[in-house]
Structures are given as C-alpha cells and as structure tokens.
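Working notes, beginning with the structure itself.
Numbers for residues simply follow the sequence, beginning at 1. Computed from a prediction, not measured in an experiment: that's the story for all the values here.
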Amino acid sequence: MLNQVVMVGRLVRNPELRTTESNKSVTTITLAIPRSFKNMNGEYDTDFVDCILWENTAKSTSEYCKKGDIIGIKGRIQSRIVEKDDEKKYLIEIIAEKVTFLSSTSNNKTDE
C-alpha cells in the first residue's frame with residue numbers, strides 16, 4: 001500500500017503557528033493549486049487544499065513563508081470524522097511530511 005502526495009501551490013494566507021494541549025507545534029495551511037486543464041468556460045479552475053504541518057516543519061514554514069509564496073509539499077492523505085451538532089462530517093486532509101520553499105522572499109530553504 002502507498003499513501004503519498006506531492007503538490008506545489010501558493011499559500012492563500014500567512015501560516016499561524018499554534019501549540020496543542022500536549023505542547024506540540026502545529027499549523028494548518030491552505031494551498032491554491034491551479035488545475036492543468038480548462039473548464040467548460042475556457043478558464044482554469046483552482047483547487048484549495050488544506051495541509052497540516054507539525055513540529056519543526058510547522059515552525060520553519062511559519063517563520064519563512066507568507067501569503068502568496070509558492071511551496072512544495074510531500075506528505076500523505078489522512079481522513080477523519082468530525083461530529084458537530086449530532087452531524088458527522090468526513091474530512092480529507094494532507095499531512096505534510098516535507099515542505100520545500102520555492103519562492104519565499106525571506107530565504108530559499110528546504111525543511112524536512
């Protein structure tokens with residue numbers, strides 16, 4: 001079995017570093033990824049993908065990246081169920097294991 005995802009996109013907002021109750025660093029980012037084909041109107045649609053970054057990857061990305069920067073992500077897909085108001089929602093998320101900073105104006109750097 002293989003669960004691996006590789007994506008390149010633009011950050012839609014600045015990463016915000018948070019700390020969990022168990023004192024782990026985490027940030028959730030959203031990547032805007034244009035599709036490689038045109039829709040029925042002759043335009044390129046864009047997918048918005050949520051990615052979760054942990055510990056050093058979260059810290060480095062929060063420090064060096066900002067809205068509009070292009071980054072690459074290598075990671076895995078994770079699904080989970082969230083219950084709210086007696087309603088179950090199924091979420092699909094990307095857990096980033098490696099982030100590559102491709103157009104950061106601060107520093108060009110790779111974080112593992």
Side-chain angles (χ1 to χ4, degrees):
M1 311 283 172
L2 179 65
N3 181 355
Q4 187 172 5
V5 175
V6 177
M7 299 182 300
V8 174
R10 284 193 186 274
L11 286 172
V12 301
R13 65 182 170 279
N14 292 334
E16 294 181 20
L17 191 64
R18 302 182 316 274
T19 304
T20 66
E21 291 178 8
S22 58
N23 208 29
K24 291 189 177 189
S25 299
V26 63
T27 188
T28 301
I29 60 171
T30 302
L31 287 183
I33 306 169
R35 294 183 183 173
S36 60
F37 56 89
K38 294 181 180 180
N39 63 20
M40 291 175 50
N41 298 325
E43 300 167 340
Y44 292 100
D45 287 327
T46 301
D47 292 306
F48 295 90
V49 181
D50 289 334
C51 305
I52 300 171
L53 291 63
W54 290 96
E55 296 293 1
N56 290 334
T57 304
K59 291 175 187 174
S60 295
T61 303
S62 296
E63 182 178 346
Y64 293 107
C65 296
K66 64 184 182 320
K67 178 180 177 178
D69 286 347
I70 298 173
I71 64 171
I73 298 245
K74 180 179 175 188
R76 62 183 171 83
I77 295 175
Q78 172 178 288
S79 63
R80 63 185 173 111
I81 300 170
V82 176
E83 286 192 50
K84 185 177 181 181
D85 301 328
D86 294 328
E87 185 179 335
K88 286 184 181 181
K89 291 193 177 196
Y90 297 86
L91 299 177
I92 301 290
E93 303 162 320
I94 306 301
I95 305 299
E97 297 165 351
K98 181 178 181 181
V99 175
T100 303
F101 308 153
L102 300 174
S103 77
S104 177
T105 54
S106 305
N107 276 337
N108 286 346
K109 167 181 174 175
T110 298
D111 176 67
E112 293 185 43

### Message
If hydrophobic residues (ILVMFWY) are linked whenever their side-chain heavy atoms come closer than 4.5 Å, directly or via other members, who joins Val26 in its cluster?
### Response
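Under the 4.5 Å side-chain rule, Val26 groups with Ile52, Trp54, Ile95.
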
Write down the atom of [X], the atom of [Y], and the distance for their closest heavy-atom approach.
X     : Y     : answer
Asn39 : Asn41 : OD1-N, 2.9 Å
Leu53 : Val99 : CD2-CG2, 3.7 Å
Ala32 : Phe48 : CB-CE2, 3.7 Å
Gly72 : Val8  : CA-CG2, 4.1 Å
Arg35 : Tyr44 : O-CD2, 3.3 Å
Lys66 : Leu11 : O-CD1, 3.5 Å

### Task
Decide yes or no for Ile73 and Ile29: does some side-chain heavy atom of the first lie under 4.5 Å from some side-chain heavy atom of the second?
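Counting from C-beta outward, Ile73 and Ile29 do come under 4.5 Å.
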
### Message
Is there a side-chain contact between Lys84 and Lys89 in this structure, where contact means two heavy atoms from C-beta onward sitting under 4.5 Å apart?
### Response
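No, too far: nothing below the 4.5 Å cut-off.
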
What distance do [X] atom [atom1] and [Y] atom [atom2] have between them, rounded to the nearest 0.5 Å?
X     : Y      : atom1 : atom2 : result
Arg13 : Lys67  : CZ    : NZ    : 10.0 Å
Arg18 : Thr20  : CZ    : OG1   : 9.5 Å
Asp45 : Ser36  : CG    : OG    : 11.0 Å
Ile71 : Leu102 : CD1   : CG    : 8.0 Å
Leu31 : Ile70  : CG    : CD1   : 10.5 Å
Asp50 : Ile92  : CG    : CD1   : 11.5 Å

### Query
Does any N or O in the side chain of Thr27 come within less than 3.5 Å of the main-chain N or O of Glu16, such that one atom is a donor and the other an acceptor?
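Here the side-chain-to-backbone pair exists.
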
### Query
Any donor-acceptor pair under 3.5 Å linking the side chain of Arg10 with the backbone of Gly68?
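It does hold such a pair.
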
### Task
Could I get the full list of side-chain contact (heavy atoms from CB on, under 4.5 Å) partners for Glu55, not counting sequence neighbours?
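Checked Glu55 against side-chain contact (heavy atoms from CB on, under 4.5 Å); matches are Lys24, Ser25, Lys59.
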
### Query
Any link between Val49 and Val12 through a network of hydrophobic side chains (Ile, Leu, Val, Met, Phe, Trp, Tyr) touching at under 4.5 Å?
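No, Val49 does not connect to Val12 through the hydrophobic network.
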
